[in-house]
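See below for the structure under consideration.
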Amino acid sequence: MQNFKNHLFAGCDSGYEDARYVVFGVPYDGTTTFKPGAREGPCAIREFSWNFETYMPSYDLNFADIPITDLGDIDTSVVAEDVMADVYAMVQEIVRDGKIPVMLGGEHSITTGAVRAVQPDCYVVCDAHLDLRNEFRGTHYNHACTTRRVLEEGIKDIIIVGGRSGTKDQFELAKSLTLYTADEIHKRGMDTVIHEIREAIGKKRVYLSIDADAIDCCLTPGLGTPEPFGLTPQDLRDLIKVVAPQSVAFDYVEVSPFDHGQTATVAAQLVREFVAAHAKFSS
Ligand code: MN
Ligand code: MN
């Protein structure tokens, strides 16, 4: 019998019952505003996950020894509201079972359903875009509205890292949140910013969302809405290491793998780093 397990994220060999971490994909890009392709993200991230050694020297642990399962992809509707409902139901079940959801996008709109299910104290998002529009192109669930929807869930503690694109109105609204622009991070240094974020999150329950376009598009060009003058993969790696132990849910979204695999490769490794940091350092 042929073995199809390499269609799943490498090293996620636990059954659901035993798993502490639950990977699943949401191949949805129905509200994409510029270049489509994020529906291919989960598949590409999984493909490139097979490139890596299971041993992770910086954590001195074997990724395959961590209890993780990969459930595959949600069967997505074309209707944004239905996708949000499906993501909500999936994440609610995972959290109720005492496990950590690790969601692979798909575009950023899917985060709305997951945050609604998790109801974290604090939302930390790495993103080039503020995503604070109330509505865009006919839906409140457009991927340009995600952080606005999170705010409307009553989550006031929002930290945006790497922001550098949005309307004037969105930047006004962001004054009521914590925004570390990419320019500010370049000026002050990522270490300083990470230290402040660590102090700010304390022991709060954090939802950590990574929009792949937080990283400079010249480094990882597989992006639906690319922006230059951004963060580096190492910046995100350092942040994830500090925020992961306080996180109750994680997603990595907006990988549109029409590049040569750089964006999915970075995504796959950062997903592993999230799980490793959580497994090693969470209490
Ligand atoms: Mn976004
Ligand atoms: Mn973005």
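The first residue of the sequence shown is numbered 1, and numbering continues consecutively from there. Whatever order the structure lists ligands and atoms in, that order sets their numbers, starting from 1.
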Starting from the Mn ion (ligand 1), count all protein N, O or S atoms within a radius below 2.8 Å. 4

Does atom CD of E81 have more than 12 heavy-atom neighbours, drawn from other residues, nucleotides or ligands, at distances under 6.0 Å? yes

Which pairs pass ring pair (Phe, Tyr, Trp, His ring centres under 6.0 Å) with one or both residues in residues 240-260, sequence neighbours excluded? F250-F274

Using modelled atom types and a 3.5 Å cut-off, is there a donor and acceptor pairing between side-chain atoms of E107 and backbone atoms of T31? yes

Derivation and outcome, side chain to side chain contact (heavy atoms under 4.5 Å, CB included), residues V26 and M90: CA-CA 11 Å; V26 186; M90 173 70 112; over 6 Å; no

With a 6.0 Å cut-off (strictly less than), is the heavy-atom count around NE2 of H186, excluding the residue itself, greater than 12? yes

Less than 4.0 angstrom from a charged side-chain N to a carboxylate O is my criterion; do E152 and R148 meet it? yes

